[in-house]
There are 2 protein chains.
Amino acid sequence: MMKAGYMPNAGATLKRIAKKSGLSCSTVSRALANHPDVNTKTRQMVKEVANSLGYRPNWAAKSLVRGKSNLVAFIVPGWDMWSTAMYETARETLHQASFMPVFYPTNSHTEWEIELIDFVLTQRPGGIVWLPSAESDIPKLAEVIGASKVPLIVLDRLATGCPGTFVCTDDRRGIATGVAHVVADGRRRVALIAGKHEHQTFQWRQEGFRQAVADAGIPEGDATIVEIAGYRLAEFEPYFNAYEAGKRLLSQSARPTAILGSTDEHAWGALDAARDLGISVPHDLRIIGYGDYIPRAITRVSLSTIVQDRNAIVHQSIHELLDQMNGEYKAENRMIVIPTRLEIRDT
Amino acid sequence: MMKAGYMPNAGATLKRIAKKSGLSCSTVSRALANHPDVNTKTRQMVKEVANSLGYRPNWAAKSLVRGKSNLVAFIVPGWDMWSTAMYETARETLHQASFMPVFYPTNSHTEWEIELIDFVLTQRPGGIVWLPSAESDIPKLAEVIGASKVPLIVLDRLATGCPGTFVCTDDRRGIATGVAHVVADGRRRVALIAGKHEHQTFQWRQEGFRQAVADAGIPEGDATIVEIAGYRLAEFEPYFNAYEAGKRLLSQSARPTAILGSTDEHAWGALDAARDLGISVPHDLRIIGYGDYIPRAITRVSLSTIVQDRNAIVHQSIHELLDQMNGEYKAENRMIVIPTRLEIRDT
DNA sequence: CTGTTAGCGCGTTCAG
DNA sequence: CTGAACGCGCTAACAG
């Protein structure tokens, strides 16, 4: 019995189609599923009846009987254009494999991410692509997802003890490329504005920075790392905090001649700090971001950045996920590293 | 029988909990649903067992037996930050009403939007919030959704024959406010860069413009409307096309001294055209957008714009939707108009 | 090629 | 307060 309010699709169901066309449920089911062994005429007829009734299959029933659904859940930061684009890119491939990508935006609030993942598991998805938000309690969530045995891809983070596949970019080398570039450009006082979260990937970016300045023979005092707090992308916290950090850095007597960000937002904050202090970029200051997910069409300045190759990341992820879903299990904690590419633009 | 690949939650189910705790399914069901007439101790025990088994209810089964699901589907342009923010705002309210908001991003491709809506209906959602993408075939889709009898809110568009509630901003007056402002500022040659789609809401913006310039006594030749094509937000088509249009407009001998956009992207395109032509904004040219959904933190220039009050829109929409879902049906084709507010910033 | 039957996991009667 | 039985809409196994 429908409860109240509305009667979905006027209650068009297999049974009703069966009755109206004088067939059995199974035949109707087979006809609509394009099962081979069903008379072409029958199929035709069934489809017409279904159409006339405005039939739309009941997804819940299908998932229930199958023991799992055809969903592939993208649990990703909602405000991050990176993730939206990723979803977009993944769609076609998944669709061909008759999976339905669904986008579950997180908002850098751990409690919500927990609740969301809980709900997603409730839907028995065929697979999960997870880009943990900066604040999420990765170990705990990883355990939960792990226990559910759903095929899992974790993006841009490392979650030890989590049974999925990790797809990251080469953080250390990425940042190092940026440092090498500005050093080659004659900048000998460099700074990194780094996010203050403990995710492995951000630590690697710091490591890459340290290593690179050491390799370049830059004295310790001339290489600064500023850790800033602030996670909420939606409120642009990383940007605003980086702005403040940038102002402080650039107000020093011996101010840096190059600033790298461990994300694009960080670099952007520094860029605006430079503008407001009247420092000319790139002449007096080089600025390099990391990620390439700020839409250039509306920024009026093209940020130079270490590009994370979205297409490669997504293709690898989806490929890997489909493999996992097909049971072609590869190994525990497989890790796929995607190379980065420095792209020099206006800064 | 689970098919293959994985066994969701190690197959923890009501029955298994029942067996392990020596109770019946129904008791377990009631206990977990916090049904009042169940012994407190029993409930306690059941919950512990459930927990130890890593039980997670099966969403499909629940939806199936209920005849509909607890989903509220947001079918909205994925690249539009407006919609992400909206989803975010709606979340809490819906959650309290024990609905689960789910975000289904569209991409300005009609075929995909059709497919998506088809899928969403398959999930028997409790309600739908729909912001039709620029290219979508509104009448057709409206009919489909209408036939499903799912409570529906349509945002920022008008879909005649569609049985939902419309929530729009006051387009005519909004644009008119913008025109009045620049005229009061002494600008007597004004242009509107308008999207070339036939959605009612964009027509209204054109109407508002025409009326306002007439009211201001501006001669016909000094008021221009440029219709531009290009829908795909993800590729910033509106921006790029507006940029070209802006260049053309501003290269005329008697160039406009104020340009309004019928969206923020349009205004932004004009703004960049002005920059590249060396025209000083706002001194020699005023530029006003519509919408206020370009994130100011990364644009380096704050666009003056006619603000669509997101909060009001969302609150009204969700309120209305919940009413509809509770069966408090109001009228066919109710229309809610949210006032706009001109906000003057850098342009 | 088609019909019959059973059961997916859960909520909901109706009896106790 | 608890249990037994039924059915939601659909697919799959087995007969014919």
Side-chain angles (χ1 to χ4, degrees), chain A residues 1-4 6-46 50 53-70 98 121-124 148, chain B residues 1-4 6-46 50 53-70 98 121-124 148:
Chain A
M1 272 290 285
M2 303 299 138
K3 286 307 260 317
Y6 71 97
M7 193 79 151
N9 307 304
T13 146
L14 277 195
K15 204 196 273 181
R16 214 153 301 195
I17 299 174
K19 188 171 292 177
K20 191 165 176 190
S21 56
L23 291 162
S24 74
C25 286
S26 6
T27 306
V28 174
S29 170
R30 281 187 289 249
L32 292 177
N34 290 320
H35 208 80
D37 41 64
V38 53
N39 193 310
T40 320
K41 275 193 135 172
T42 312
R43 187 201 316 289
Q44 181 83 15
M45 195 259 272
V46 167
L53 255 48
Y55 173 74
R56 209 171 305 277
N58 185 317
W59 186 82
K62 226 175 247 200
S63 306
L64 180 59
V65 69
R66 291 218 174 113
K68 61 181 157 190
S69 76
N70 68 335
S98 66
L121 290 177
T122 264
Q123 292 194 321
R124 306 292 189 264
S148 76
Chain B
M1 271 286 286
M2 303 298 139
K3 285 308 260 322
Y6 72 98
M7 194 77 149
N9 306 304
T13 145
L14 279 195
K15 203 195 275 181
R16 213 152 301 194
I17 298 174
K19 189 170 290 176
K20 192 165 178 189
S21 55
L23 291 163
S24 75
C25 288
S26 7
T27 307
V28 174
S29 170
R30 282 187 286 249
L32 292 176
N34 289 320
H35 207 81
D37 40 62
V38 54
N39 193 310
T40 320
K41 273 192 136 172
T42 313
R43 188 203 315 290
Q44 180 82 17
M45 195 259 270
V46 167
L53 254 47
Y55 173 74
R56 210 173 304 277
N58 185 317
W59 185 83
K62 227 176 247 202
S63 307
L64 181 58
V65 71
R66 288 210 178 121
K68 61 182 155 190
S69 76
N70 68 335
S98 67
L121 290 177
T122 265
Q123 292 194 323
R124 306 291 188 264
S148 76

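In what follows, chains carry the letters A, B, and so on, assigned in the order in which the sequence lines appear, proteins first and then strands, with residues in each chain numbered from 1.
One can place CH2 of B:Trp59 at 16 Å from C1' of C:dC8, the figure rounded to the nearest angstrom. Note: CZ (A:Arg56) to P (D:dC10) measures 12 Å, nearest angstrom. Here D:dG9 presents its P atom at 9 Å from CZ of B:Arg124, a figure rounded to the nearest Å. Going from atom CG of B:Leu23 over to atom P of D:dA4 covers 11 Å, rounded to whole Å. If you take CD1 of A:Ile17 and C1' of D:dC10, they are 12 Å apart, rounded to a whole angstrom. Atom CZ in A:Arg16 sits roughly 15 Å away from atom P in D:dG7 (whole-Å rounding). In this structure, A:Leu53 places its CG atom 13 Å from P of D:dG9, rounding to the nearest Å. The CZ atom of A:Arg66 sits 6 Å away from the P atom of D:dA12 (whole-angstrom rounding).
Distance from the side chain of B:Tyr55 is smallest to C:dC10 among C:dG3, C:dC8, C:dC10. Taking the side chain of B:Leu64 as heavy atoms from C-beta on, and the options C:dG3, D:dC8, C:dG7, the nearest nucleotide is D:dC8. Nearest to the side chain of A:Lys15, among D:dC8, C:dC10, C:dT2, sits D:dC8.
End-to-end axis angle of the helix from C:dC1-D:dG16 to C:dG16-D:dC1, from C1' rotation axes over five pairs per end: 40° (rounded to 10 degrees).
Taken residue by residue, residues 30-45 of chain A places heavy atoms nearer than 4.0 Å to DNA chain D at A:Arg30.
Judged by distance alone with a 3.5 Å cut-off, no donor-acceptor contact links the side chain of A:Ser29 to the base of D:dA12.
Looking only at distances, a side-chain donor or acceptor of B:Ser69 sits under 3.5 Å from a matching main-chain atom of B:Gln123. Listed for the B:Arg56 side chain is no donor-acceptor partner under 3.5 Å among the backbone atoms of B:Ala12.
At least one side-chain heavy atom of B:Leu32 sits under 4.5 Å from a side-chain heavy atom of B:Ile17.
Within the structure, every side-chain polar atom (N or O) of B:Thr27 is placed at least 4.0 Å from both OP1 and OP2 of D:dT2. Note on B:Ser26: every side-chain N or O is 4.0 Å or more away from OP1 and OP2 of C:dG11. For the OP1/OP2 pair of C:dG11 and a distance below 4.0 Å, the side-chain nitrogens and oxygens of B:Lys62 include at least one atom meeting the criterion.
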Acceptor/donor pairs from residues 22-29 of chain B side chains to any protein atom, 3.5 angstrom cut, sequence neighbours excluded:
from    : atom 1 : to      : atom 2 : distance (Å)
B:Ser24 : OG     : B:Ser26 : OG     : 3.4
B:Ser24 : OG     : B:Thr27 : N      : 3.4
B:Ser24 : OG     : B:Thr27 : OG1    : 3.1

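Taking every heavy atom of both residues into account, B:Trp59 and B:Asn70 meet most closely at NE1-OD1, 3.0 Å. Nearest heavy-atom pair across A:Arg43 and A:Arg30 is NH1-O, 4.2 Å. Of all non-hydrogen atoms in A:Asp37 and A:His35, the two that sit nearest each other are OD1-CD2, 3.2 Å.
The side chain to side chain contact (heavy atoms under 4.5 Å, CB included) check on A:Lys19 picks up nothing, with sequence neighbours excluded. Legend: residues meeting side-chain hydrogen bond (donor to acceptor under 3.5 Å, both in side chains) with B:Asn34, ordered by chain and number and at least two apart, are B:Lys47. Partners of A:Ala60 according to the side chain to side chain contact (heavy atoms under 4.5 Å, CB included) rule, which considers only residues two or more places apart in sequence or in another chain, are A:Asn58, B:Ala60, B:Ser63, B:Leu64.
Residue whose closest nucleotide on DNA chain D sits further toward the 5' end, between B:Ser24 and A:Asn58: B:Ser24. Annotation: of the two residues near DNA chain D, A:Ala61 and B:Gly22, the 5′-most nearest-nucleotide partner is B:Gly22.
Nucleic acid contact for B:Leu14: sugar-phosphate only, since backbone atoms but no base atoms lie under 4.0 Å from a heavy atom of the residue.
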